[in-house]
Protein chains: 2
Amino acid sequence: MKNSDKHEKIIRAAVKVFAKKGFFSARISDIAKAAKVADGTIYLYFNNKFDILISVFDEEIGKFIAQTKKLVDQEENPQRKIEVFALKHLAMAKENKSLAEIIQMELRQSHKLIKEYRKTIFSEYVDIISSIIRQGQTKGIFRKDVKPGIAKRAFFGALDEMTRLWVLSPKPPYDIEDTAKQISNIFLQGINAV
Amino acid sequence: MKNSDKHEKIIRAAVKVFAKKGFFSARISDIAKAAKVADGTIYLYFNNKFDILISVFDEEIGKFIAQTKKLVDQEENPQRKIEVFALKHLAMAKENKSLAEIIQMELRQSHKLIKEYRKTIFSEYVDIISSIIRQGQTKGIFRKDVKPGIAKRAFFGALDEMTRLWVLSPKPPYDIEDTAKQISNIFLQGINAV
DNA sequence: TGCCGCTAAATGAATAAGCATTCATCGCTG
DNA sequence: CAGCGATGAATGCTTATTCATTTAGCGGCA
């Protein structure tokens, strides 16, 4: 059996277990059972429990950010870019609920490493938004008095809060596309030049 | 020494310790030390560690929601109400950083009780926003096609994300009032009837 | 006023359970 | 049969919780 197989299996199992129980209440033996390996096997692939969590972030979030960037780059119009961003964000939360749940819960811990993580990885993500805003401002489409540094967070926060609703509810109470449209719509009218 | 003194002291100490270390990494002995009581004394006032966390929420968040409601009620104009809400939200995060930090971190855990908590307590809070929106719609000030259930979350999420920035950074990178103004400004233009 | 003794509050050392991590052993494969 | 990945029981540490003991406050009594 190849290395990559086990590593992958453990990561996938960990995503499920962390989502269900949270990092601290998750047992290594839970993850081992879910991955169908022995407890000790996990330590052949990861240094410790925390390392599993970090690996989940490293390997899963990176992919997602890259995809989002690519999609946004394909659009010409800044307004359209904003819409695409919103849609992609919510779609990912729906398709990958466990991961979304972990991001919601664990990426907010006060652990130092997590704090660093949030700063670097998340900056990269929300900066996609601020650069769209700047493009729009240059073109004269968006209001110049909007601060991209604040607006990016406002928009991201709005999407993140909708994601939280998904994660807490057994079923999405709103349709993904409607929601993405409504949120980008409010935001776009909010920052549109008059 | 009266009962209320110790209870209060322990709660206050717990807020600090939970904020610094997070619920799971916080030790009872840390809280006891911070409150200047013996470890065992804590169990005269609380059933267990989790009960301390719940008490923090019960006693501190309730007060805050009541204050916000009162302030909002004093305003006549729905637009002004939105501005006041934003300002109060961010001001509280600044003035009571430890509590804001705990809300950010711990109220997102997957624990069942916490999930319930979020649903009930937070609903009460964000519903202040949706009822303002409905008032504005009735008056013809706000767009009728905006769904209050989505818009309330978008607005709350925007504020919550700014709060997160406060909590992660040693110093507020933006001025509270500027931020509140900018966010409510974008939101209001976003939902204004044309 | 000062002294007892009673009760309730407070203490913190001891307990006991939980669980991450280790490592001696196994068994498959080439 | 040598080497290497896998195993899972055993280890040992961490910490929430308990409880036997101490301390403080208070009311009654001489």
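Lettering of chains follows the sequences in order, A, B, ..., and the numbering in each one begins at 1.
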>> For D:dG5 and A:K6 - does any side-chain N or O of the residue sit under 4.0 Å from the phosphate oxygens OP1/OP2?
In response: no
> In whole Å, what is the span from the NE2 atom of A:H7 to the P atom of D:dG5?
Replying inline: 16 Å
> Among D:dG5, C:dT11, C:dA9, which nucleotide sits nearest the side chain of A:Y45?
Replying inline: D:dG5
>> Between P on D:dT14 and NZ on B:K21, what's the gap in Å once rounded to a whole number?
In response: 13 Å
> In this structure, are over 12 heavy atoms from other groups packed under 6.0 Å from A:K97 atom NZ?
Replying inline: yes
> Residues in side chain to side chain donor-acceptor pair (under 3.5 Å) with B:Y125, at least two apart?
Replying inline: B:H89
> Run the salt bridge (Lys or Arg N to Asp or Glu O under 4.0 Å) check on A:R118 and B:E161 step by step: do they pass?
Replying inline: CA-CA 12 Å; A:R118 240 196 102 79; B:E161 179 63 26; 3.5 Å; yes
> To the nearest Å, how far apart are A:L44 CG and C:dT21 C1'?
Replying inline: 12 Å
>> Can you tell whether the side chains of B:R164 and A:D160 come within less than 4.0 Å, N to carboxylate O?
In response: yes
What pairs of nitrogen or oxygen atoms, one from the protein and one from nucleotides 16-23 of chain D, lie under 3.5 Å apart?
{"unit_1": "D:dA16", "atom_1": "OP1", "unit_2": "B:A26", "atom_2": "O", "d": "3.4"}
{"unit_1": "D:dA16", "atom_1": "OP1", "unit_2": "B:K49", "atom_2": "NZ", "d": "3.3"}
{"unit_1": "D:dA16", "atom_1": "OP2", "unit_2": "B:I28", "atom_2": "N", "d": "2.8"}
{"unit_1": "D:dT17", "atom_1": "OP2", "unit_2": "B:Y43", "atom_2": "OH", "d": "2.7"}
{"unit_1": "D:dT17", "atom_1": "OP2", "unit_2": "B:K49", "atom_2": "N", "d": "3.0"}

> Are the aromatic ring centres of A:F122 and A:F156 under 6.0 angstrom apart?
Replying inline: yes
> Which atom pair, heavy atoms only, marks the closest approach of B:E60 to B:L99?
Replying inline: CB-CD2, 3.5 Å
> Once you round it to whole Å, what is the distance between P of D:dT15 and NZ of B:K33?
Replying inline: 12 Å
